[in-house]
**Student:** 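Take this structure first; my questions come after.
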Amino acid sequence: MQITPLKLLGKPTAAVQLAPCSPAQHGFHAESTNNTTLRLFFAGFGQDPQLFSQCLTAYRAVPSELAPLDAKGSSASDAEPQSHIAVYMLSHYGDWVLHSDQGVAQLQAELSASKAISPQCDPAWRELQELVRNCAQVEIVAWSFGVRAALAYMGSLPPEILAGKTIKAIAVCGTVEAVDDAYGIPAATYSHMCRALLHPRLGPKTMQGFAQQVTTKAELLSCFQNYYRNADLQQLVAELLVLPHLQLPDSDTWCFTHVYLSKSDAIFALNNAQASWLRYGLSVEQCTLLEDEHLPMHTLQHLLCALQWHV
């Protein structure tokens, strides 16, 4: 997993102190964390910080729509927040497999035996642990397969780290089950994509088709297609194998309290997604239906950029 700081609020966001070796590695800058809100964006499959930044640049919403005005009428980018907001993007969930002795082939064999993957196998899990330890509040935005990743990674943190912290969590166009004939992506669809990505000739074509399912908006589709044209197929295979098999926690230390679903989602069928969140325990009032597709960029921009959530 890759943890990348994002600058989305018009001025550099405060960063949270990591373990001693991490700031130099990743360019993080330590700052007082007594009043820091940690906003974590668990991205979906096949995402990259550079790709996401290109999408933000290509798809600009009116600033006043991204964040509410303060009492003096200043926009969020000009207003001085009462607490620091540190925004991080989590992506590349399968990278650790490529750099371990396990490898993709062994991972496939273990998954065929229905073995769940503990997030603690990922070295970046410790970095996430330190991020959460040193903040006052955590806000989670989980999109697509990132919903499963958020539950797995955050749910595997030691309870004492989460104790006393306010945790808010919003899911966007994804489900807890991720791959499931009734509550997520059909198993046959998922298996077909895994096989296609393992094929050197079918892989690139598969990702181009996937991009068209993510978005049909020309400016965004172009960003995805250009990125996937040169993407590392082994990296994508590893991530696709890992994500739906991440082990979910036995107990609930936190939960999603709101979900945004798109009516024209070509990846997570609306009926399956609604059934999943109903089973999860969310009410109709906690589910917002969007006239959008799998990548509801305007909604994600608002959730990531707004100084305060209003849901």
Side-chain angles (χ1 to χ4, degrees), residues 1-8 13-30 33 36-53 86-104 106-107 110-111 115-135 138-162 165 167 169 174 178 231-232 234-249 253-254 304:
M1 180 174 68
Q2 183 177 331
I3 304 176
T4 309
L6 298 178
K7 296 179 180 179
L8 300 172
T13 59
V16 182
Q17 177 68 60
L18 286 172
C21 63
S22 297
Q25 265 187 334
H26 298 280
F28 297 143
H29 301 287
T33 60
T36 297
T37 293
L38 178 65
R39 187 171 292 172
L40 299 175
F41 172 42
F42 284 83
F45 160 70
Q47 300 303 294
D48 180 83
Q50 183 178 358
L51 169 62
F52 192 73
S53 296
V87 188
Y88 288 82
M89 177 174 173
L90 291 82
S91 59
H92 296 280
Y93 302 102
D95 273 7
W96 60 273
V97 175
L98 301 178
H99 304 293
S100 69
D101 295 333
Q102 190 172 30
V104 172
Q106 185 177 339
L107 178 63
E110 292 187 358
L111 293 181
K115 180 178 180 180
I117 301 172
S118 170
Q120 297 180 29
C121 294
D122 186 344
W125 178 80
R126 294 192 177 278
E127 294 182 16
L128 176 63
Q129 182 174 305
E130 293 307 311
L131 275 175
V132 175
R133 186 195 304 276
N134 295 309
C135 71
V138 182
E139 294 178 346
I140 298 168
V141 181
W143 171 54
S144 191
F145 268 24
V147 173
R148 175 88 178 200
L151 277 170
Y153 277 90
M154 293 295 296
S156 64
L157 295 178
E160 60 271 19
I161 290 181
L162 298 177
K165 298 187 190 299
I167 301 178
D232 184 336
Q234 280 292 102
Q235 181 186 66
L236 292 172
V237 168
E239 183 174 23
L240 192 58
L241 288 173
V242 164
L243 275 167
H245 293 95
L246 287 170
Q247 188 172 23
L248 298 180
T253 52
W254 60 273
L304 293 174

**Student:** A side-chain contact here means heavy atoms from C-beta on lying under 4.5 Å apart; do Ser156 and Gln247 qualify?
**Tutor:**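 They are not in contact (no side-chain heavy atoms under 4.5 Å apart), so the answer is no.
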
**Student:** Ignoring hydrogens, what is the shortest heavy-atom contact between Val97 and Ala238? Give both atom names and the distance.
**Tutor:**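 In terms of heavy atoms, the two residues are closest at CB-CB, 4.3 Å.
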
**Student:** Mark yes or no for whether Gln47, through its side chain, and Phe45, through its backbone, hold a donor-acceptor pair below 3.5 Å.
**Tutor:**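 Such a contact is found between Gln47 side chain and Phe45 backbone.
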
**Student:** Do Asn134 and Thr36 have side-chain heavy atoms sitting under 4.5 Å apart?
**Tutor:**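 Asn134 does not reach Thr36 side chain to side chain.
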
**Student:** Could you tell me the separation between the NE2 atom of His92 and the CG atom of Leu236, rounded to the nearest 0.5 Å?
**Tutor:** 9.0 Å

**Student:** Can you find a heavy atom in the side chain of Ser91 that is under 4.5 Å from one in the side chain of Pro49?
**Tutor:** yes

**Student:** Is there side-chain contact between Glu130 and Arg133, with at least one heavy-atom pair below 4.5 Å?
**Tutor:** yes

**Student:** Can you name the nearest heavy-atom pair linking Gly44 to Ser144, along with the distance?
**Tutor:**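 It is CA-CB, 4.0 Å.
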
**Student:** Among all residues two or more places apart in sequence or in another chain, which pass the side-chain contact (heavy atoms from CB on, under 4.5 Å) test with Ser53?
**Tutor:**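 None.
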
**Student:** Which atom pair, heavy atoms only, marks the closest approach of Ala149 to Leu246?
**Tutor:**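 Smallest interatomic distance, heavy atoms only, reads CA-CD1, 3.9 Å.
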
**Student:** Where do Ala124 and Ile3 come nearest, in terms of heavy atoms and distance?
**Tutor:** O-CD1, 3.8 Å

**Student:** Would a 4.5 Å heavy-atom cut-off, applied to side chains only, mark Trp254 and Val138 as touching?
**Tutor:** no

**Student:** Measure from the side-chain N and O atoms of Lys165 to the backbone N and O of Cys135, and report whether any donor-acceptor pair falls under 3.5 Å.
**Tutor:**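 Yes, Lys165 side chain to Cys135 backbone: donor-acceptor pair under 3.5 Å.
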
**Student:** Is the closest side-chain heavy-atom distance between Leu304 and Met89 below 4.5 Å?
**Tutor:**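 No, too far: nothing below the 4.5 Å cut-off.
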
**Student:** Tell me whether Gln120 at atom CD has more than 12 heavy atoms from other residues, nucleotides or ligands lying less than 6.0 Å away.
**Tutor:**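 Yes.
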
**Student:** Between Phe41 and Phe52, what is the ring plane arrangement, given parallel below 30°, perpendicular above 60°, and tilted in between?
**Tutor:**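 Tilted.
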
**Student:** Atom OG1 of Thr253 and atom CG of Leu162: how far apart are they, to the nearest 0.5 Å?
**Tutor:**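 Rounded to the nearest 0.5 Å, the OG1-CG separation comes to 5.0 Å.
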
**Student:** Determine, stepwise, if the pair Asp122 / Leu128 fulfils side-chain contact (heavy atoms from CB on, under 4.5 Å).
**Tutor:** CA-CA 10 Å; Asp122 186 344; Leu128 176 63; over 6 Å; no

**Student:** Could you report the tightest heavy-atom contact between Leu40 and Met154, atom names first, then the distance?
**Tutor:** CD1-SD, 3.9 Å

**Student:** Does any part of the side chain of Arg39, heavy atoms only, come nearer than 4.5 Å to the side chain of Leu6, both counted from C-beta?
**Tutor:** no

**Student:** Minimum heavy-atom separation for Leu151 and Leu248, please, with both atom names.
**Tutor:** CB-CD2, 3.9 Å

**Student:** Could you tell me whether the side chain of Leu90 reaches within less than 4.5 Å of the side chain of Tyr153, counting heavy atoms only?
**Tutor:**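 Answer no - side chains too far apart.
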
**Student:** State whether the side chain of Tyr93 and the backbone N or O of Gly146 hold a donor-acceptor pair below 3.5 Å, judged by distance alone.
**Tutor:** no

**Student:** Can you sort out the partners of Ala178 under side-chain contact (heavy atoms from CB on, under 4.5 Å), two or more places apart, ordered by chain and number?
**Tutor:** Phe145, Arg148, Pro244

